Every structure is written in C-alpha cells, then in structure tokens.
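Just so you know, residue 1 is the first one in the sequence shown, and it goes up from there. The figures here come from the full heavy-atom set of this structure, side chains too, leaving out hydrogens, waters and symmetry mates. Counting starts at 1 for both ligands and their atoms, in listed order. Just so we're clear, the structure is a prediction, and the values are computed from it rather than from any experiment.
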Amino acid sequence: MHKQNLCKGCIESVIVTEEVIHELVKEAEVDLSVIVSDEIYLERLKICDSCPSLQYGTTCAHSGCIVRYRAKFKNKSCPISGKPKWEKAV
Ligand code: SF4
C-alpha cells in the first residue's frame with residue numbers, strides 16, 4: 001500500500017471499493033439504536049455529494065471518514081469546525 005493512500009480516520013485506505021463500503025454500512029446497521037433514519041441519512045449524503053471536500057466520491061477531506069459510514073450515526077456530525085453542514089441527530 002502506498003503511504004499517500006493512508007487514511008487518518010476510519011479505515012486504512014482512502015480509496016475503497018463498493019464492497020468495503022457495503023460491509024461498513026452493514027456493520028453500522030447492527031445496532032439500530034445508534035443510527036439515523038433513512039430520511040436523515042439520505043439528506044446527509046446529499047449534502048456530502050455536493051460538498052467540495054468530498055474526495056474520491058467517498059471520503060471526507062476533513063475527517064478522513066467514509067461519509068456513507070459516518071453519516072449513519074446519530075452522534076456524528078459534519079466535521080467542519082464551527083459551521084458543520086449537517087448536525088448530530090441526538
Ligand atoms: S462531512 Fe461535511 S465536510 Fe465532509 S464531505 Fe460531508 S459535508 Fe463535506
């Protein structure tokens with residue numbers, strides 16, 4: 001693995017396959033008490049999709065997280081300090 005592909009956040013590489021993302025999302029959905037509704041999830045992803053900080057179509061440049069994973073959780077927010085584009089849901 002190339003050093004520049006190392007991610008500071010959730011997983012080892014910032015370039016991930018659909019399969020890996022599916023696995024992460026499935027893992028998040030194991031505990032329904034900690035995840036947001038589909039409506040909130042899709043709203044969050046819509047915001048990320050139009051954000052210039054979204055890298056490779058998958059990864060937030062601010063957190064290093066895969067947005068389709070991070071956006072699942074009630075206790076997560078967009079990591080932009082002071083002006084998050086989406087908020088915690090708890
Ligand atoms: S989490 Fe926030 S900063 Fe990161 S891609 Fe989504 S909207 Fe942009």
Side-chain angles (χ1 to χ4, degrees):
M1 181 177 301
H2 298 293
K3 193 86 171 162
Q4 70 268 24
N5 287 345
L6 290 177
C7 175
K8 62 185 176 182
C10 319
I11 59 168
E12 279 187 343
S13 171
V14 293
I15 300 172
V16 291
T17 63
E18 271 298 307
E19 192 182 4
V20 169
I21 294 173
H22 276 293
E23 282 302 311
L24 286 170
V25 170
K26 243 170 54 185
E27 190 184 303
E29 290 172 340
V30 166
D31 184 355
L32 296 179
S33 70
V34 300
I35 63 170
V36 296
S37 67
D38 287 348
E39 187 183 6
I40 292 173
Y41 182 59
L42 293 175
E43 271 174 28
R44 288 176 169 185
L45 292 185
K46 196 171 162 189
I47 293 167
C48 290
D49 277 345
S50 63
C51 178
S53 297
L54 186 67
Q55 306 290 301
Y56 315 107
T58 58
T59 307
C60 174
H62 293 273
S63 66
C65 286
I66 304 300
V67 296
R68 279 162 60 189
Y69 179 70
R70 185 181 177 99
K72 273 282 174 188
F73 295 95
K74 289 178 181 173
N75 68 346
K76 294 293 184 188
S77 60
C78 164
I80 295 179
S81 180
K83 206 175 175 190
K85 294 187 176 185
W86 46 268
E87 306 272 357
K88 288 181 187 177
V90 286

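The protein heavy atom nearest to atom 2 (Fe) of ligand 1 is Cys78 SG, 2.3 Å. The single protein non-hydrogen atom nearest to atom 1 (S) of ligand 1 is Pro79 CD, 3.5 Å, given as residue, atom name and distance.
If you number the atoms of ligand 1 from 1 as listed, the ones under 4.0 Å from a heavy atom of Ile80 come out as 3 (S). Of all the atoms in ligand 1, the ones that sit under 4.0 Å from a non-hydrogen atom of His62 are 3 (S). Those atoms of ligand 1 with a heavy atom of Lys85 less than 4.0 angstrom away are 7 (S).
Atom 2 (Fe) of ligand 1 has no N, O or S atom of Cys60 closer than 2.8 Å. At a cut-off of 2.8 Å, Cys51 coordinates atom 8 (Fe) of ligand 1 through an N, O or S atom.
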- Assess whether side-chain contact (heavy atoms from CB on, under 4.5 Å) is satisfied between Glu18 and Arg68, documenting all intermediate values. CA-CA 11 Å; Glu18 271 298 307; Arg68 279 162 60 189; 3.0 Å; yes
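Checking each of Ser81, Cys78, Ser53 against His62 for a side chain to side chain contact (heavy atoms under 4.5 Å, CB included) leaves exactly one that passes, namely Ser53.
The two residues Arg44 and Ala89 have their closest heavy-atom pair at NH2-N, 3.6 Å.
Considering CZ of Arg70 and CG of Leu45, their distance stands at 13.0 Å, rounded to 0.5 Å. Rounded to the nearest 0.5 angstrom, Ile80 CD1 and Trp86 CH2 are separated by 10.5 Å. The CG atom of Asn75 sits 7.5 Å away from the CZ atom of Phe73 when rounded to the nearest 0.5 Å.
Within the 4.0 Å heavy-atom criterion, both parts of Cys48, backbone and side chain, lie near ligand 1.
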